[in-house]
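Scroll down for the structure; my scribbles are underneath it.
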Amino acid sequence: MFKRLAGPTYPLFIFFIVNLVLLSLSRFALSVWQSERIGEFNNWIQLFLNGIRIDISALCWLFTPLIILSILFTGKNKLGQCVQNVIKTGLVIESTFLLFMEFATPAFINTYDLRPNRLFVEYLVNPKEIFTMLWNGHLAALISAPILTALCAFLCWKLANKVFKNIAYPKWHNNLITRPLVFLLLGTMTFLGARSSLEHRGINPAMVAFSPDPLVNSLVLSSGYSLLFAIQQMKDEGNAAEIYGKMSLEEVINILKAVRNRPTTDYISTGLPTLTQNQATYQGKLKNLVIILEESLGAQFIGTLGGKPLSPKIDELAKQGWLFENMYATGTRSVRGIEAVTAGFTPTPARSVVKLPGSQQDFFTVAELLSKQGYHTSFIYGGEKHFDNMASFFYGNGFQQIIDEKDYLTPHFTATWGVSDEDLFAKAHDTFMQLHQQGKPFFSLVFTSSNHDPFEFPAGKIELYEQPQETRNNAAKYADFATGYFFDLAKKAEYWNDTIFLIIADHDSRVGGASLVPVQHFHIPALILGKNIEPKRDPRLVSQIDMPTTLLSLIGVSGNYPMLGYDLTKPEDPNRALMQYDKTFGYMRKINNQLQTVILQQGKPAESYVYSEQSKTLTAVDGNDQMKKQALAYSLWGSYAYKLHLYQLGDNKKP
């Protein structure tokens, strides 16, 4: 009876119900797997009710074009049968996509502690590296997901053949007056299902979030929805930060200037509101600068920072240099660390500027500033330079030379992500020797890769911390070993006397946890070394964005630039950390001996917490309105600066 009444829309109803059931079963399986995390909040009913609501919305959006076709264009004629085949194929493809994303979810959660999001899309741009990483570290997922997807595609096609067989065309479908009325009725129901709300905004992840644990909130979604929502948001990168609220550019600038507390005479351009003139502390002969960006080497792996005993080399070097005890990364991706340490750029919920089209040239970097002061500038990497769009960003913004995997003629060890850190550092050392002989100052960003999943490194180099060899902890220990190897070479070289070195992590490894922002996983090492660097431990609360300004001051380079970071050679206390965790932004300051933290979430009011370093937890407290405004200003600045082209040296912009 229902099949005759529904007519050509019958297959859509069947596939809708089947997908709804399968997505709910997948959510149930994932929730049982993560039951310990969910159990902390005891909101299983809310999770599943909101999950069904999200699934209905997603299926309504996906099926809308097929509903239109089925009501208005199907029929017994040739055109109608052709349209019916299109609908049939569309149902199979959409259903297979949703199921494939569910099959890919466990491996993604294991790595990123969230359902697939924008990172899933970004990694697809680099299939060689990702396939090799999956092959070496996630082989079960790599094999099982395609097999299960193919099986589901086959079963979906069989189901489609069955439900499309003997389709009836009832009276309403044959009546040119009734058909538009049915279309209006079903169209209205589909629209309401897709919006799932009568409020000003339709349903979105923020409306169904109920837990302080981001993973639990992501389980409410389906992975297909999570991915498509991320893609939709990527379309308007320039306005990405407005998800936290709106504030005029003028107010943003006024707040940031008040936080920095610099003389108004330091600001030298109305067209570039953060462009300041800066005087270096060191006034002698210009020094070389080398930034060693350590892949995934969070403070949890550094013994001298209270982490695991995996860093004997860095611990020893820390006694010889300027160690920052409370350095915080701005994000959880390498490109986020790159934009912070090479450009001093504040994080946003958009992709890093390393990847955005509007920042591939005329965007400030330390390399651009130094190249105009006579420096040779380079990026030295063990992998392929195109990964994460690094080559385009670097070449377009002041880096004159890039050394990548193809430039290592006889590497001793090559892994998924490129040559080993030892090969990398040997190449860097040889390069610095040659540049020093040329008598020209140089700046180089050296980016390691051995401490990256699937954690491949040469055997016999370290005493393993655990078995088997290819583990996160062992790879971190090898990264430390390779860093010590480099400094053994550098200290014996002539360029040592004229060079300032920074060892800093891009981010921590496998950032996640049952917290809106897992603050402990943003804590990273930062150590400045050089012949005349006074050994000390610096307790100030600082951010990655403070490093470029400090390094320029240490190497004797004065100049005009738009960075918001502090020069830590001066007795100023930044007393703030900026932490971008997917779509959540954390802003932390130490006030009255407490680490007060403002959390900005999409579509929600700012919330205030106190972070405990002992328990690694955030506890809600009454709001600090001034801090909330500062947090919003910091989160919006990057979006404004990118969209309005405000992050420049000023050479091409009128004051």
Do you see a donor-acceptor pair shorter than 3.5 Å between the side chains of T499 and N288? yes
Heavy-atom distance under 4.5 Å between the side chains of L551 and V366, does that happen here? no
Does the side chain of V542 reach to within under 4.5 Å of the side chain of Y566, using non-hydrogen atoms? no
Between S450 and S420: side-chain donor-acceptor atoms closer than 3.5 Å: no
For a 4.5 angstrom cut-off between non-hydrogen side-chain atoms, does I555 reach L370? yes
Do the non-hydrogen side-chain atoms of N451 and F457 ever get within less than 4.5 Å of each other? no
Are F379 and F394 close enough that their ring centres sit under 6.0 Å apart? yes
Considering only NZ, NE, NH1 and NH2 on the basic side and carboxylate oxygens on the acidic side, decide whether K461 and D421 come within less than 4.0 Å. no
Among side-chain atoms of T276 and N278, is any donor-acceptor pair under 3.5 angstrom? yes
So, do D113 and V511 sit near enough that their side-chain heavy atoms are less than 4.5 Å apart? no
Name the residue from D582, D388, D508, D506 that meets the salt bridge (Lys or Arg N to Asp or Glu O under 4.0 Å) definition with R333. D388
Is any side-chain heavy atom of L305 less than 4.5 Å from a side-chain heavy atom of L323? yes
When you check the side-chain N and O atoms of T365 and T342, is any donor under 3.5 Å from an acceptor? no
Under-4.0 Å salt bridge between E102 and R115: yes
If you measure only the distance, is there a donor-acceptor pair under 3.5 Å linking the side chains of E294 and T483? yes
Given the options F363, Y642, W637, Y634, F345 meets ring pair (Phe, Tyr, Trp, His ring centres under 6.0 Å) only with F363
With heavy-atom distances below 4.5 Å as the criterion, would you say the side chains of P349 and F585 are in contact? no
Quick one: does Q648's side chain get under 4.5 Å of F364's, heavy atoms only? no
Suppose we call two aromatic rings close when their centres sit under 6.0 Å apart. Are H436 and F442 close by that rule? no
If you measure from the Lys or Arg side-chain nitrogens to the Asp or Glu carboxylate oxygens, is any gap between E613 and K616 under 4.0 Å? no
Does either side chain, that of D546 or that of T550, offer a donor lying less than 3.5 Å from an acceptor on the other one? no
Centre-to-centre under 6.0 Å for F487 and F501, is that the case here? yes
What do you reckon, are the aromatic ring centroids of Y375 and F443 less than 6.0 Å apart? no
